[in-house]
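What you see is a predicted model, and the numbers here were worked out from it, not measured in a lab. Reminder, nothing fancy here: chain letters follow the sequence lines and each chain counts from 1.
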Amino acid sequence: MSDPSESSGTAIDRTALAELAGNDRATERRLLEVFRQTLAADVALFKASLGNHDIAAATRAAHRMKGASGLIGATALAAACAVIEGAGNAGDWSGISAGEPALLREIECVDVCLSRLA
Amino acid sequence: MTHAMRIADVRFLVVEDHEFQRLALARMLAGLGAQHIVEASDGRAALGLMQAPAQPIDIIISDLDMPGMDGMEFMRHVGEAGATVSMILSSVHDRALIASVATMAEAYGIRLLGTIEKPITPSGLAALIARHQPYAGPQSKPARKTFSEADITAALAARLFEPLFQPKVEVATGRLAGAEALARWYHPEQGIVGPYAFIPALEANRRIDELTWIILEHAAAACREWRERGLECSVSVNLSLRSLSNVGFADRVTALVREQCLEPRHVVLEVTETIAMTDIAHALENLARLRIKGFGLSIDDYGTGYSSMQQLARIAFTEVKIDQSFVTNADEKESCRVILESSLDMARKLGLKAVAEGVESRADWELLKKLGCDVAQGYFIARPMRTAEFVAWARDWAAPQ
């Protein structure tokens, strides 16, 4: 029953999500809702940390997003977060800046996917 | 889970500050068949949840990296409260932390089932949960009892301390190499009490020798009996640093072993890496004398201290025991495997026998075989047991093919 309007490269792995939700639609919706809320909060933290030039906070935000996105099969987003986290752990501010566009892009893809799934 | 608990009966506590990750983890556990799951968003809330004695928690899954109270501080509080729980820790991404965390868990009497990187997968989680064993018998009492010096003195006088023996086998041949004597207190009310309840107190009161003599006597007598029954093996006994600082110690050990009609060459004395690190003349003299008398000398918990090559060269060890934190699941943890390999390599080059502790699975065993480790010890081979069971076990033992 795949949505023909979804591109083949969906940002969220529907199978992973369904498995996590025990194939229960209500649980799935709840997981997506909480994911959306926490992602928005983590993105806000990330952006604020960039503004404050706070490398520890940026790394932490990326770590949080990485953990969350990995659970829902948003592998591209998780990978983008891992890049930021790696740079942050190495104290490499320029690495974080370099990884930021890709991260924001992946977040947007996930947001689009989330609104389609809602 | 075979002899372990059914997952539906296991009580889980999930400690995770990230709301979505906490929810997902709880769902993952439910997906694995768990039916008792409580959640906490931080360590403080978690500790509050653990206060309900009617619903004791079996397994805690906690993030190490939480704001406010981090996973290590949380673990400390859990340990200090005397909870007999198992733990799984996530976000242990700093590789150097793994050994520290494992050592800390053990010190607090918490069974660390393992550490897991994020994102957590159901199979990764299931593999760690499968290692959980319910705490048997009296030790499942919620509070870990502490004992007074008077209690311990009385127990020493009544000779309530006895060793259990955990087999050590040659990896290449499967042949029985020996057994390590592990001190236990046969308490009339509390059941079988483990070392953390009495060793620190004995060390602090400078009375550890009294225990050492009892254990050594039992161990030597047991080994003599095994050898009389045709088992060609040695027995290993742990020594304390404090004992080694007494000048007459080596002579007393020798006399005691000989009194049991056992030759020193069938006894291996284990000293922890920290002892080896200590620059105390008496300790060195005692260790040298013990070597001269023919005892084997084993440097224990290798890898967990700050040792250097110098220590191994300075004291004539015959054996290196590699700490379980580098052995258990080493095939899954690259940093541990690196340390394991280099420890084995070093042992080979120095002509020392390498003994790996904490062999808990076939995968651990196969890896040791592949890396050419000499001897292995761990639950995959056998649990610690009484001497009578040991003989029966040795007769039935066949190495895994």
S.K.: Between atom CZ of B:Arg27 and atom OG1 of A:Thr27, what is the distance when rounded to the nearest 0.5 Å?
M.R.: 5.0 Å
S.K.: Quick check: under 4.5 Å, non-hydrogen atoms only, which of residues 65-72 of chain A neighbour chain B?
M.R.: A:Lys66, A:Gly67, A:Ala68, A:Gly70, A:Leu71, A:Ile72
S.K.: If I measure from the heavy atoms of chain A, does B:Pro67 come under 4.5 Å with its side chain, its backbone, both, or neither?
M.R.: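 Both parts, backbone and side chain.
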S.K.: Quick one, A:Thr38 and B:Gln21 - any side-chain contact, counting heavy atoms below 4.5 Å?
M.R.: no
S.K.: Out of curiosity, A:Arg64 CZ to B:Glu16 CD, how far, rounded to the nearest 0.5 Å?
M.R.: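 Atom-to-atom, A:Arg64:CZ and B:Glu16:CD are 7.5 Å apart.
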S.K.: Tell me if the CD atom of B:Glu366 is crowded by more than 12 foreign heavy atoms within 6.0 Å.
M.R.: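 Result for CD/B:Glu366: enclosed.
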S.K.: Rounded at 0.5 Å granularity, tell me how far CG in A:Leu20 sits from CG in B:Leu23.
M.R.: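 Nearest 0.5 Å value for the CG-CG distance: 7.5 Å.
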S.K.: Quick check on A:Arg60 against chain B: is it the side chain, the backbone, both or neither that has a heavy atom closer than 4.5 Å?
M.R.: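 Looking at A:Arg60, just its side chain touches chain B.
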